[in-house]
Undergrad: 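Please see the structure below; I have some questions.
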Protein chains: 2
Amino acid sequence: MTATDATAERLPLRERKKLRTRQALIDTALRLFTERGFDGTTLDELCDAVEVSKRTFFRTFPSKEDVAMAPTQDLWAAFLEELEGREPAGGTVLALLQASLYAALDRMTDEGWADRVRLSLRLTAATPSMDARGRHFCDRTLRTAVALLHRKLDLQDPRDLRPRLALDLLLAGFQCALETWVAQPGDPGRAALVAEVRTAFAAIPDALTFEATPPSA
Amino acid sequence: MTATDATAERLPLRERKKLRTRQALIDTALRLFTERGFDGTTLDELCDAVEVSKRTFFRTFPSKEDVAMAPTQDLWAAFLEELEGREPAGGTVLALLQASLYAALDRMTDEGWADRVRLSLRLTAATPSMDARGRHFCDRTLRTAVALLHRKLDLQDPRDLRPRLALDLLLAGFQCALETWVAQPGDPGRAALVAEVRTAFAAIPDALTFEATPPSA
DNA sequence: AGGGTTGTGCCACTCGGTAACACAAGTGAT
DNA sequence: ATCACTTGTGTTACCGAGTGGCACAACCCT
């Protein structure tokens, strides 16, 4: 319907159908989960609403949690693609990573993307099992990216922790940005998110030198 | 049997029994999960082995995953206590956090602790649902610590990201240390883990300034 | 010893997730 | 158009995690 249409214009009919039910599942899931809560919605109800069998659901998504986290997962997939496409040429690794993330954000041109991400994040914050799953996914992406960096930078020592730590910083900053963005009133769009990301990234260097002065002093 | 004995010397009989079955569940779970795999072991089998009803299991642990992650959770609880007990007095926040973690590690004096953690981590690495749950727990600890820091440092701006980022760095470094430690041959003890932590923490400043030089140059 | 409290075992149940198999729908040929 | 072939879907039956309710036993206090 909304997101994948541009890229799926001329696919075989079968594939288009699959994408349509996939998108319907995502949208309906976000709606139902938001209305009745994640645990308050059974998979059967969701499948009834979309008129799909439970079997089909699990062919499309690996778990109940994943259907509501598709929007953010798209972003991370784009991030990995961007990182893959970039060549290291001067500047810090952290800057390279940040540039990839900005580019990935720029690619999320879909109309409802920001709203879906917002719904998804609110659900994640309210649902432990979704939170857990989300962090697991994040970590898998991080590991893929670490391996990619090691390859791209041609690092001799596989135990060199610097790429890993840089990625952790990127992730931490982005998480912060997402949290403040999703807490904003109204429906701030993608641009507002990018602004938050810039703020968060700007705070990174200070985090190391941040002095622990006692409050009385 | 092993860990909580020192502190539980003279508790009411009922509490001691509870702790004993708890410890038995942890040890048996680590053994069974390691032998047959996490998914290859049903809760019924575990409960039969410990001679406890499934109902009792869920009164002791909130999920099947948690029983195998108790050792690390003990460490994080100790970390929070240490952080709570320390007063900020000069030095960076990051150093304060690192000191708390070292102190928490020093408190894990239990004989089998290192071995249990190793088993637990290997299981976690091999079991997605355990990994997810573990990261969720880590994040909850992080949030508690962030709130604690904001209170202790008497920060005016609740959106100040520096404590959060510093904690993320601490966590990232510790995760790195755990991974390399658990991959070491033999059964390195707690001291070896502390050494790995020092190495990882030493790499943190470099992560920011790490240059992305192309491999050809 | 006896009454109150608290943990435990058993039973039945819901729901997420999977396997097997039959069937319908899309695809590509003649 | 129609035929075989491939591929996605629905149905049924099932397993295992996790929960609620209730009776019962074990501990604790006096």
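Numbers restart at 1 for each chain; the letters A, B, ... are given by sequence-line order, proteins then strands. Keep in mind that what you see is a predicted model, and the values were worked out from it rather than measured.
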Undergrad: Can you measure from CD (A:Gln73) to CH2 (A:Trp76) and round to the nearest 0.5 angstrom?
TA: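 Interatomic distance, A:Gln73 CD to A:Trp76 CH2, rounded to 0.5 Å: 11.5 Å.
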Undergrad: Measure the distance from CG on B:Asp48 to C1' on D:dG16 and round it to the nearest whole Å.
TA: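 Between C1' of D:dG16 and CG of B:Asp48: 14 Å.
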Undergrad: Got a donor-acceptor contact below 3.5 angstrom from the B:Lys152 side chain to the B:Glu87 backbone?
TA: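 No; zero donor-acceptor contacts below 3.5 Å.
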Undergrad: Take the protein atom CG of B:Asp44 and the nucleotide atom C1' of D:dA17, then report the distance between them rounded to whole Å.
TA: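 It works out to 9 Å between those atoms.
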Undergrad: Looking only at side-chain N and O atoms, does A:Ser53 come under 4.0 Å of OP1 or OP2 in D:dT9?
TA: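 Indeed not, no polar side-chain atom of A:Ser53 lies that close.
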Undergrad: Tell me whether the side-chain N/O atoms of B:Lys54 come closer than 4.0 Å to OP1 or OP2 in C:dG9.
TA: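 Answer is no, no contact under 4.0 Å.
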Undergrad: I need the CD-P distance between B:Glu65 and C:dG16, as an integer number of Å.
TA: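 Answer to the nearest Å: 16 Å.
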Undergrad: Can you find a side chain N or O atom of A:Lys17 that sits less than 4.0 Å from OP1 or OP2 on C:dA25?
TA: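 False: A:Lys17 side-chain N/O out of range (4.0 Å or more) of C:dA25 OP1/OP2.
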Undergrad: Would you mind telling me which of D:dG10, C:dG16, D:dG18 lies closest to the side-chain atoms of A:Val52?
TA: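 Comparing D:dG10, C:dG16, D:dG18 against the side chain of A:Val52, the answer is D:dG10.
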Undergrad: In terms of side-chain heavy atoms of A:Arg59, which of D:dG10, D:dT7, D:dA17 is nearest?
TA: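 In terms of side-chain proximity for A:Arg59, the closest of D:dG10, D:dT7, D:dA17 is D:dG10.
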Undergrad: Which is more 5' along DNA chain C, the nucleotide nearest A:Phe57 or the one nearest B:Thr21? Just name the residue.
TA: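 By nearest-heavy-atom nucleotide position, the 5'-most residue is B:Thr21.
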Undergrad: When the distance from CD of B:Glu45 to P of D:dC15 is rounded to whole Å, what number comes out?
TA: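 Spelled out: CD on B:Glu45 to P on D:dC15 is 14 Å.
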Undergrad: Closest approach to the side chain of B:Arg55, judged atom by atom: which nucleotide of C:dG9, C:dT6, D:dG18 is it?
TA: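 Among the listed nucleotides, the one closest to the side chain of B:Arg55 is C:dG9.
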Undergrad: Look at all strands and tell whether B:Thr60 reaches a base, only sugar-phosphate, or nothing, counting heavy atoms closer than 4.0 Å.
TA: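 It contacts nothing in the nucleic acid.
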Undergrad: Would you classify A:Ser129 as touching base, sugar-phosphate or nothing, given that sugar-phosphate means primed atoms plus P, OP1 and OP2, and contacts are heavy atoms under 4.0 Å?
TA: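 Result for A:Ser129 = nothing.
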Undergrad: May I ask you to decide if B:Leu105's main-chain N or O and B:Arg190's side chain share a donor-acceptor pair within less than 3.5 Å?
TA: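 The answer is yes, because a donor-acceptor pair under 3.5 Å joins these two groups.
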Undergrad: Between atom CD in A:Glu51 and atom C1' in C:dA25, what is the gap in whole Å?
TA: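 That distance rounds to 17 Å.
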Undergrad: Atom CG of A:Leu43 to atom P of C:dT18: distance rounded to whole Å?
TA: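 Going from A:Leu43 (CG) to C:dT18 (P), I get 11 Å.
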Undergrad: Measure from CD on B:Glu15 to P on D:dC28 and round the result to the nearest Å.
TA: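 Going from CD in B:Glu15 over to P in D:dC28 covers 9 Å.
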Undergrad: Of the nucleotides D:dC27, D:dT9, C:dG16, which has the atom closest to the B:Arg14 side chain?
TA: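 The listed nucleotide nearest to B:Arg14's side chain is D:dC27.
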Undergrad: Under a 4.0 Å threshold between the charged nitrogen and the carboxylate oxygen, would B:Arg135 count as salt-bridged to B:Asp139?
TA: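 No, B:Asp139 and B:Arg135 are not salt-bridged.
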Undergrad: Check whether any side-chain N or O of A:Ser63 sits under 4.0 Å from OP1 or OP2 of C:dG16, and answer yes or no.
TA: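 A:Ser63 to C:dG16 OP1/OP2: no side-chain N or O under 4.0 Å.
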Undergrad: Nearest-Å distance, CG (B:Leu46) to P (D:dG16)?
TA: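 Distance check: B:Leu46 CG to D:dG16 P gives 14 Å.
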Undergrad: Using modelled atom types only, decide if a donor and an acceptor are shared between the side chain of B:Glu15 and the backbone of B:Pro12 within a distance under 3.5 Å.
TA: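 Looks like no, no N/O pair under 3.5 Å.
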Undergrad: With the side chain of B:Thr42 defined as its heavy atoms from C-beta on, choose the nearest nucleotide among C:dA25, D:dC28, D:dG16.
TA: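 Given the options C:dA25, D:dC28, D:dG16, the side chain of B:Thr42 is closest to D:dG16.
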